[in-house]
Amino acid sequence: MNTTVSDVQSIPQDRDDDFDGIRHVVILKTATDWRSVRRMAAQQFRTPPDKWLVFIIARSTDIVGDLSDAWAGDIGFLAERSGAKTVLTTREDMLDLIGRIGENLESVLIFQPKGLIGKYRGYRLYHRLRKTLKSAELHRMECDTLTSGYSIVHSSEDGQSGRRTLINLAGVLGLVGISAFICWQLRASTPIVFPYLIMIASVVLSSVLFGRWAGLAAAATGMLLLNFLFVVPIWSIKIDSVDDIITLVIFLFVGSLTSLIVGRAADLLSAAKEKQAFNEIVLRISRKLTETVSLDQVFDLVKAELEAPLKARVHLVDYRGSEKMFAEELANRTGYEILSPDLLAAQIALETDEPAGYGTSVANDSILHFQPISGGGKPSGLIVIHKIEEEKLADPRIRVLIEVVADLSGIAVERIIAEEEIEQVKAKETTENLRNTVLSAVSHDFRTPLSTIIGSTTSLQTFRDKYDDETIASLLEDIYNEATRLDRFVAEALDLTKLENESLETRLEPVDLVDIVDTVAESISTHLANFTFIREFDHPIPFVSGDAMLLEKIVQNYLENATKYSGAGTTITARLKSNGTTVIFTVADSGVGIARENLERIFERLFKVQHGSHTESSPGLGLTICKEIARLHNGRVWAESDGPGKGSRFNLELPVDNVVTLETAEIAS
């Protein structure tokens, strides 16, 4: 049951250990509802209510010890049901008990009435507690009038508001005082209406600078000064003439009306500026969201754009995983321990596609405000807002801003998710195409060498006794050549698979392309012997950064293709040129050439150029492998030809290894 003041007074000093578990204190000085109190206290304390001591300050000493007071009885009952200890007491007895247990307290939350008187009393209590509690955190909250069992609570710790009020008041008094001084100095040489006009000007200026209430205060103060300084009898507030009374009343009416009109105009201007700022925020977010390419960019953008206008902490959390993953991500982003009311509010927001939690009428035991985001389908995430004034969430403009940003974010998230799914489909399609390529190579192009091997082997098995040594040697050579060719086909297919899946291990190091070209030319010298082979190398050729074995495959493929598609006795030229930033390797031949429409397609898998006098025996993977190797080296490959029968030029461009070039230049110097 609730503890009353008599119970408190009966607690001996040596039994203060009854409050050893209490670390947080809630002080209620106004009529409010437990739901709002619990939510705000949970936000500040982040502990369950069984660690709280709730003081209900009695409205009068007559009801202390008697919970017939409806508000005190209801909130005390609900507080105890939540596990908190409650005390119905007076202000002085509360201070006495807090003084006895104060060294164990970590924080105190004061709920005070809204308004000047409530703010003043809360301020006095705050300073009394500050003298007693040196290390505990103290917070003050203002409560609107309790209506329909629910009240809006907001912080009362904005020290700037009090300073602004004093500054505005000083400004009003200063303007009115200066106007009165000017009128007094010019009283002998100006008409009697002059002081009234000057004072009206000060009223208008006060309204423009400090607001309508400042203008009304200036009008009232100006009327008193006019009466005191310019109405007979002077230096007195007494008025002898009815005309003077009417004049002052008219002045007060005109000044007040002017203040209200100027204030209304200022409000309209302020509303227009707020609307413009709102539109600018929405347009800026919309424009930036269209440029996002990842969920992390969307999350960071929403956080950056909403925190300033809301003056709160904002996070966007993905909810496509499990509830456990969501809770961990939410705790990581907010820094809070996520409790069951928080998860319940999040689930309701996702199921209903409506905001839930703090600042709403749904699952508002949570200290977090959840705004679902969706692009027209089921919500995929939540905008989570905390450390925000409940009063701000009640502002229709703020609600509209949050909802618009949530809709724009939902569209961006859906777009990015769709793009990711498309990329996954493309990756699967690429893998499937690659698999089909290998199967096609095995089923078609591998059949020819296999047929030759099988035919030669069968002939040897059946007719070996009838063949002479030369025929047997020829058959064995055919078997060896076709087996070697088949082995090369398999190796190319495996290399292409590794290259496109980026699973091929590469070791980048400074590579001398001159050395690679000479090495490959020496290894296929028997093929080049039937041609005029020319080397055209710039000097010096910078090193490139790459894998020497992979680059060797490109050089070998280019040179072998040149010998394969050129007639004996023609010229094959290998060129190496550098422009300082790249090195270009070119193999030019005088062979069958390539049609213009096939210059790009020849690097596709299994693509074969059809020649009237030549049948290609390759599965068409060699040039595709060259293209993938160049891509791994941040380079490119391309082919050039003047047309069929006019030869071809195959090119490889690689970036220069600048570090190696610099070191080489230093050594040369």
Side-chain angles (χ1 to χ4, degrees), residues 437 440-441 444-453 477-478 480-493 495-496 516-536 550-575 585-630 637-652:
T437 297
S440 178
H444 294 88
D445 294 275
F446 287 12
R447 183 173 299 171
T448 300
L450 285 174
S451 298
T452 301
I453 293 173
E477 185 178 0
D478 289 342
Y480 174 79
N481 290 336
E482 294 302 325
T484 303
R485 179 179 160 201
L486 186 60
D487 180 67
R488 186 175 70 253
F489 292 168
V490 173
E492 287 180 347
D495 285 345
L496 183 59
I516 287 181
V517 174
D518 289 341
T519 300
V520 172
E522 179 65 26
S523 66
I524 62 171
S525 57
T526 54
H527 296 282
L528 292 174
N530 298 323
F531 302 89
T532 301
F533 181 62
I534 300 175
R535 299 165 70 257
E536 295 181 358
L550 292 179
L551 295 177
E552 206 171 284
K553 288 180 179 291
I554 298 179
V555 175
Q556 183 171 348
N557 189 281
Y558 279 10
L559 290 175
E560 286 183 346
N561 281 350
T563 61
K564 188 184 302 182
Y565 297 110
S566 300
T570 60
T571 300
I572 296 176
T573 304
R575 300 190 184 98
F585 168 65
T586 303
V587 172
D589 61 53
S590 305
V592 295
I594 306 170
R596 182 181 299 275
E597 63 271 15
N598 293 329
L599 287 176
E600 293 185 4
R601 295 195 62 196
I602 58 174
F603 291 96
E604 297 176 3
R605 302 186 198 96
L606 297 180
F607 179 77
K608 299 180 181 179
V609 180
Q610 300 299 324
H611 304 290
S613 60
H614 181 81
T615 301
E616 185 180 348
S617 60
S618 168
L621 296 180
L623 291 178
T624 306
I625 291 174
C626 293
K627 180 180 178 180
E628 290 299 319
I629 292 175
V637 293
W638 74 98
E640 299 172 326
S641 177
D642 295 328
K646 298 182 179 180
S648 306
R649 296 177 298 280
F650 284 85
N651 305 284
L652 165 67

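Side chains are part of it too, since the values below use all heavy atoms of this structure and drop only hydrogens, waters and symmetry mates. Predicted, not measured: the structure shown is a model, and the values here were computed from it.
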Parallel, tilted or perpendicular: which fits the ring planes of F650 and Y558, with parallel below 30° and perpendicular above 60°? tilted
Within a 6.0 Å radius of atom CD on E522, are there more than 12 heavy atoms belonging to other residues, nucleotides or ligands? no
Atom NZ of K627 and atom CD1 of I602: how far apart are they, to the nearest 0.5 Å? 10.5 Å
Please evaluate residues N561 and V587 with respect to the criterion side chain to side chain contact (heavy atoms under 4.5 Å, CB included), reporting the C-alpha separation (whole Å), side-chain torsions for both, the decisive distance (0.1 Å), and the verdict. CA-CA 10 Å; N561 281 350; V587 172; over 6 Å; no
Find the distance between CG (L559) and CD1 (I524) and round it off to the nearest 0.5 Å. 4.5 Å
Nearest 0.5 Å, what's the CG-OG distance between N530 and S566? 11.5 Å
In short, L623 meets F603 closest at the heavy-atom pair O-CD2, 3.4 Å
Checking D589 side chain against S648 main chain: does a donor-acceptor pair fall under 3.5 Å? yes
At their closest point, which heavy atom of G569 faces which heavy atom of T532, and how far apart are they? O-OG1, 4.1 Å
Work out which heavy atom in V637 is nearest to a heavy atom in C626; give both atom names and the distance. CG1-O, 4.0 Å
Ignoring hydrogens and angles, tell me if any N or O in the side chain of Y565 forms a donor-acceptor pair with the backbone of G593 under 3.5 Å. no
Let me confirm one number: the OG1-CZ distance from T571 to F533, rounded to the nearest 0.5 Å. 11.5 Å
Drop me the distance from N557's CG to E552's CD, to the nearest 0.5 angstrom. 12.5 Å
Residues pairing under salt bridge (charged side-chain N to carboxylate O under 4.0 Å, His left out) where one sits in residues 524-536, two or more places apart or in two chains, turn out to be D518-R535, E536-R575
Could you give the distance from CG (N598) to CZ (R601), rounded to the nearest 0.5 Å? 6.5 Å
Partner residues of E640 under the salt bridge (charged side-chain N to carboxylate O under 4.0 Å, His left out) criterion, sequence neighbours left out: R649
Please find the pair of heavy atoms, one from A574 and one from F585, that lie closest to each other, and give the distance. CB-CE1, 4.2 Å
Closest heavy-atom pair and its distance - L528, A521: CD1-O, 3.7 Å
